[in-house]
Amino acid sequence: MPFLTIFTPVYNRAYCISQLYESLCRQTLGDFEWLVVDDGSTDNISEVMEYFIAEGKVDIRFVSQPNGGKHRAINRGVRMARGELFFIVDSDDYLSDDAVGWIADEYAKIKEDNSFAGLSGIRVAPNGIKIGGGHNFGIIDANVMDLRYKHGVRGDLAEMYKTKVLCQYPFPEYEGERFCPEALIWNRIALRYKVRCCYKEIYVCEYLADGLTAKIARLRRESPRASMTYYSEFFHSPVGLVLKIKAAINFWRFSLAPYDSVYRMRSPLSLLAWLPGYVIRIAEGLKNKRR
């Protein structure tokens with residue numbers, strides 16, 4: 001069995017996935033599987049993946065499912081994974097040639113320590129500049145919330161988690177919703193586990209116009225239960241006052257009507273955020289109608 005599952009969810013990305021495949025073929029260590037879950041694509045991704053499989057250069061498994069969103073694809077990938085570590089690499093991104101070898105070396109140092117959920121490198125643009133900026137922080141052992149809000153780590157990380165840990169934290173799947181913030185699960189894991197975060201460039205990415213990041217506000221509006229769950233849990237987590245206020249505003253910005261009390265947003269602070277959140281919600285609604 002491979003020690004690492006590189007997992008890629010795809011939706012109509014046949015046109016760009018070859019760059020990732022080529023980077024996997026170049027890895028200096030081949031002890032990994034590439035698990036690809038097609039989330040209801042309408043392009044020729046099946047033919048592209050069949051070609052990759054036929055080449056026999058990488059251990060590949062490819063499955064398709066009806067369109068349900070990235071979080072459902074991740075849930076299926078975790079259930080199918082054979083690797084001890086689970087590393088999500090999006091279809092429009094790719095890895096440095098030494099990424100798998102570096103992961104193997106670093107993972108060996110924390111593998112037997114049950115206080116660790118996994119480890120992380122950093123994401124860079126094709127020109128080598130760190131996505132989101134930030135200083136060289138070296139190596140930090142901390143949970144992902146403390147990394148951001150106590151240690152001041154900025155920018156995009158390239159996290160991988162122990163598969164057995166992810167099995168304990170599946171993404172919630174709300175009927176009719178096709179989006180769930182990945183940070184919801186990473187924050188839940190942070191309440192119990194830490195990660196080893198290293199300033200090592202292993203993941204290269206560009207945010208494309210058809211990616212999730214480019215349409216995040218619309219996705220959150222169209223998946224209100226997942227959005228409300230995320231912002232409610234973040235509001236009740238051990239973060240600073242400013243972050244709590246922002247979370248409360250966004251809770252009301254993306255909330256359902258009528259209000260569902262299951263989300264526990266009845267503190268005075270959260271209720272004060274109702275008006276600005278509602279104003280933003282109305283303004284965005286009017287803007288979308290004019291389009």
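Salt bridge status for Asp59 with Arg82: present, with a side-chain N to carboxylate O gap under 4.0 Å. Remark: Asp98 engages Lys200 in a salt bridge, criterion side-chain N to carboxylate O under 4.0 Å. Salt bridge status for Glu284 with Lys287: absent, with no side-chain N to carboxylate O gap under 4.0 Å. Remark: Glu182 engages Lys70 in a salt bridge, criterion side-chain N to carboxylate O under 4.0 Å. For Asp141 and Arg196, the salt-bridge test passes: some basic side-chain N is under 4.0 Å from an acidic carboxylate O. For the pair Lys162 and Glu84, the salt-bridge criterion is not met [side-chain N within less than 4.0 Å of a carboxylate O]. A salt bridge is absent between Arg178 and Glu222; no separation between the charged side-chain nitrogens and carboxylate oxygens falls under 4.0 Å.
Within the 4.5 Å cutoff, the side chain of Cys205 has no heavy atoms near those of the Asp92 side chain. A heavy-atom distance below 4.5 Å is not found between the side chains of Phe86 and Met160. Val58 places a side-chain heavy atom less than 4.5 Å from the side chain of Cys25. Annotation: side chain of Cys180 is not in contact with side chain of Arg72 (no heavy-atom distance under 4.5 Å). Arg61 is not listed as a side-chain neighbour of Val36, based on a closest heavy-atom distance of 4.5 Å or more. Proximity of Lys111 to Phe116: side-chain heavy atoms (C-beta onward) are nowhere separated by under 4.5 Å. Ile60 has its side chain out of reach of Glu33: every pair of non-hydrogen atoms, C-beta onward, lies at least 4.5 Å apart. No side-chain heavy atom of Tyr11 sits under 4.5 Å from any side-chain heavy atom of Ser91.
Residues forming a ring-ring contact (aromatic ring centres under 6.0 Å, His included) with Tyr161 (at least two apart in sequence, or on another chain): Trp186.
Rounded to the nearest 0.5 Å, atoms CG (Leu191) and CD1 (Ile189) are 10.0 Å apart. Between the CZ atom in Phe87 and the CZ atom in Phe7 there is a gap of 13.0 Å [rounded to 0.5 Å].
Using a distance-only test at 3.5 Å, with no hydrogens or angles considered, no donor-acceptor pair links the side chain of Ser23 to the main chain of Tyr94. Between the side chain of Asp39 and the backbone N or O of Gly68 there is at least one donor-acceptor pair closer than 3.5 Å. Here the side chain of Ser227 pairs no donor or acceptor atom with the backbone of Phe254 at under 3.5 angstrom. In terms of modelled atom types and a separation under 3.5 Å, the side chain of Lys215 and the main chain of Arg218 share no donor-acceptor contact. A donor-acceptor pair is defined here as one N or O able to donate and one able to accept, closer than 3.5 Å; no such pair exists between the side chain of Asp90 and the backbone of Asp93. With hydrogens and angles ignored, the 3.5 Å screen pairs a side-chain donor or acceptor of Gln27 with a backbone N or O of Ser96. Within the 3.5 Å criterion, the main-chain N or O of Ala226 finds no donor-acceptor partner in the side chain of Ser223. For Ser232 (side chain) and Thr229 (main-chain N/O), no donor-acceptor pair under 3.5 Å exists by modelled atom type. Side chain of Lys130 to main chain of Glu201: no donor-acceptor pair is present (N/O by atom type, distance under 3.5 Å, no hydrogens or angles). For Asn12 (side chain) and Ser41 (main-chain N/O), no donor-acceptor pair under 3.5 Å exists by modelled atom type.
Judged by the 6.0 Å distance and 45° axis criteria, Arg123 is positioned over the aromatic ring of Tyr203.
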Distance-only donor-acceptor hits, side chain of residues 149-158, under 3.5 Å, sequence neighbours excluded:
unit_1	atom_1	unit_2	atom_2	d
Arg154	NH2	Gly132	O	3.4
Asp156	OD2	Tyr207	OH	2.1

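Closest of all the heavy-atom pairs between Cys167 and Val78 is SG-CG1, 3.7 Å. Closest approach of Val239 to Lys244, counting heavy atoms only: O-CE, 3.4 Å. Of all heavy-atom pairs spanning Val48 and Ala14, the tightest one is CG2-CB, 4.0 Å. For the pair Phe137 and Cys198, the tightest heavy-atom approach, listed with the atom from each and the gap, is CE1-C, 3.7 Å. Scanning both residues, His71 and Pro172, for their nearest heavy atoms gives CD2-O, 3.4 Å. What you find for Ala117 and Tyr193 is that their closest heavy atoms are CB-CB, 3.4 Å.
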Quiz prompt | Ile245 and Leu243: CA distance, side-chain angles, deciding distance, side chain to side chain contact (heavy atoms under 4.5 Å, CB included) verdict | solution = CA-CA 5 Å; Ile245 293 172; Leu243 292 171; over 6 Å; no
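Under the 4.5 Å side-chain heavy-atom criterion for grouping Ile, Leu, Val, Met, Phe, Trp and Tyr, Leu272 is not connected to Ile282 through any hydrophobic cluster.
Taking the six-membered ring where tryptophan is involved, the planes of Phe3 and Tyr107 are essentially parallel, since the angle between them stays under 30° and well short of 60°. Classification of the Tyr21-Trp34 ring pair by plane angle, with boundaries at 30° and 60°, yields parallel.
For Lys246, the NZ atom counts as loosely surrounded, since its 6.0 Å shell holds 12 or fewer non-hydrogen atoms of other residues, nucleotides or ligands. Other residues, nucleotides and ligands place no more than 12 heavy atoms under 6.0 Å from the OH atom of Tyr278.
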